[in-house]
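For reference, the structure is listed below as structure tokens.
Residue numbers begin at 1 in each chain, while the letters A, B, ... track the order of the sequences.
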Number of protein chains: 2
Amino acid sequence: MTDFAILGFLMYGPKSGYAIKRYMAMSTAHFYEASYGSIYPSLERMAEAGLVEAERAEGSGRLKRIYSIKAAGKKAFLEWLASPLDIVKGPSLLLLRLFFMGCLERGDAKEMLARFARTAAERKEWLESATDDLPEEPDFFQASTQRFGLAYYAFLQSWLEGLGTEVSASAAAKDERSKRTKKEGRS
Amino acid sequence: MTDFAILGFLMYGPKSGYAIKRYMAMSTAHFYEASYGSIYPSLERMAEAGLVEAERAEGSGRLKRIYSIKAAGKKAFLEWLASPLDIVKGPSLLLLRLFFMGCLERGDAKEMLARFARTAAERKEWLESATDDLPEEPDFFQASTQRFGLAYYAFLQSWLEGLGTEVSASAAAKDERSKRTKKEGRS
DNA sequence: TTATTCATGTAATTTGTTACATGATTCT
DNA sequence: AGAATCATGTAACAAATTACATGAATAA
């Protein structure tokens, strides 16, 4: 995946490995980010494979590689972009937790749901305020990933809150039932 | 993560590695699944660490290990369950694609969005029909992961469709503008 | 009897992170 | 002069997948 993400950034112009990482941090951090430990080796591999080429920056004593995407790289990237996508691949930490929450007491479970909902709200706020220092104006689709994030966190928050009230409601219903049972037992 | 998922399944009773995999396929497949290559080594590791214990199934010639969770395992599992969670960790293939869709022609992009929306709808249908052969009645939270899946795919589908119509609308607006400009140019 | 399902395991590979090492350049 | 940022890279480790190898039990 790293390879294609890097190629994608290079589609918008030549960049150094360092710059690619900076771009990621500013624009895709909420759904994708790579470390130097994967960026530099990936660039080297792709240079060997002829997908990108490095230009040693002129003058300066220390090596400084500016990579640009080559025709083969563009082809590979566009093929990847158009290839079928298994839309929700990858494990969901959140759902895995949720799946096992029956192992907790109801009170603890409710608290956790509330905490998750709060986290979703916080992430949303963070994303709202993080529209700041983008290098260039994001294009329509780049901006849409931001908007997706906002919509998704909102969805998540309300869903988790809904689940929390359901848990309360079912607890109340259970209390109701057991009260009635006791009464009937006494009568 | 594998370790905790496995411990979670063992919380509901002793199981073989094979059975754990089967359970995953039937109940958590849409957000988490592990391979034998991670399940068996994980069980072995955890047995060494005293989190689980294996019982060789009686009689049968071939070895067959039924694992049960021990006190230390329960403790570790419950700690994990209650630990703070970075709610949306992990890269999103979908958003990465979306981010770079400006590299495509508008028509191709629209088509891709439509395809993604269709995939979401299909996943939803698949999930609806996959409520079939669960081993036991899922509890409230287990069932809620299923419901989350349905709600999420619905959200995804409508969001993607909305984005598609936005693309069309902006294309139409652009056409409008250029038409007007031409007219004004002529007048 | 033959195919399928049950059942366990390993080796190679993939893919990535973390932590470290190094040094140039620019701002204060 | 010193701190922060720019900049590249590697080695150790982690986590998991894929493909393979093996064989017992059971259903057709």
B/Tyr153 and side chain to side chain donor-acceptor pair (under 3.5 Å): which partner among B/Glu125, B/His30, B/Arg123, B/Lys124?
-> B/Arg123
Whole angstroms only, please: what is the [atom1]-[atom2] distance between [X] and [N]?
| X | N | atom1 | atom2 | result |
| --- | --- | --- | --- | --- |
| A/Glu44 | D/dA11 | CD | P | 11 Å |
| A/Arg45 | C/dT15 | CZ | C1' | 9 Å |
| A/Met26 | D/dC6 | CE | C1' | 13 Å |
| B/Lys15 | C/dC6 | NZ | C1' | 17 Å |
| B/Glu33 | D/dT18 | CD | P | 10 Å |
| A/Ile66 | D/dT8 | CD1 | C1' | 12 Å |
| B/Lys21 | C/dT8 | NZ | C1' | 13 Å |
| B/Leu93 | C/dT15 | CG | P | 13 Å |

Under 4.0 Å between a side-chain N/O of B/Tyr40 and OP1 or OP2 of C/dT8, yes or no?
->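 It does, given that an N or O in the side chain of B/Tyr40 lies less than 4.0 Å from OP1 or OP2 of C/dT8.
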For D/dA7, does OP1 or OP2 lie under 4.0 Å from any side-chain N or O of A/Arg22?
-> yes
State plainly whether the residues [X] and [Y] are in salt-bridge range, i.e. N to O under 4.0 Å.
| X | Y | answer |
| --- | --- | --- |
| B/Lys75 | B/Glu79 | yes |
| B/Arg118 | B/Glu111 | no |
| B/Arg147 | A/Glu166 | yes |

The helix from C/dT1-D/dA28 to C/dT28-D/dA1: angle between terminal helix axes, five bp per end, to the nearest 10 degrees, reads 30°
May I ask you to check whether B/Phe77 and A/Phe100 place their ring centres under 6.0 Å from each other?
->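 A/Phe100 vs B/Phe77: aromatic centres under 6.0 Å.
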Pair B/Phe9 and A/Phe99, ring centroids less than 6.0 Å apart = yes
Fit a plane to each ring of A/Phe155 and B/Tyr152, take the angle between them on a 0 to 90° scale, and name the class: parallel (under 30°), tilted (30 to 60°) or perpendicular (over 60°).
->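 Correct class here is tilted.
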Contact list (N/O, under 3.5 angstrom) for nucleotides 18-20 of chain C vs protein:
none

Given [options], identify the nucleotide with an atom nearest to the side chain of [X].
| X | options | answer |
| --- | --- | --- |
| B/Thr2 | C/dT8, D/dA16, D/dA7 | D/dA16 |
| A/Tyr18 | C/dT8, D/dC6, D/dT10 | D/dC6 |
| B/Met1 | D/dA7, C/dT8, D/dA16 | D/dA16 |

Under 4.5 Å between any side-chain heavy atoms of B/Ser144 and A/Leu98, yes or no?
-> yes
CA sep, side-chain torsions, deciding dist, call: A/Lys64, A/Ser16, side-chain hydrogen bond (donor to acceptor under 3.5 Å, both in side chains) = CA-CA 8 Å; A/Lys64 186 176 163 182; A/Ser16 68; over 6 Å; no
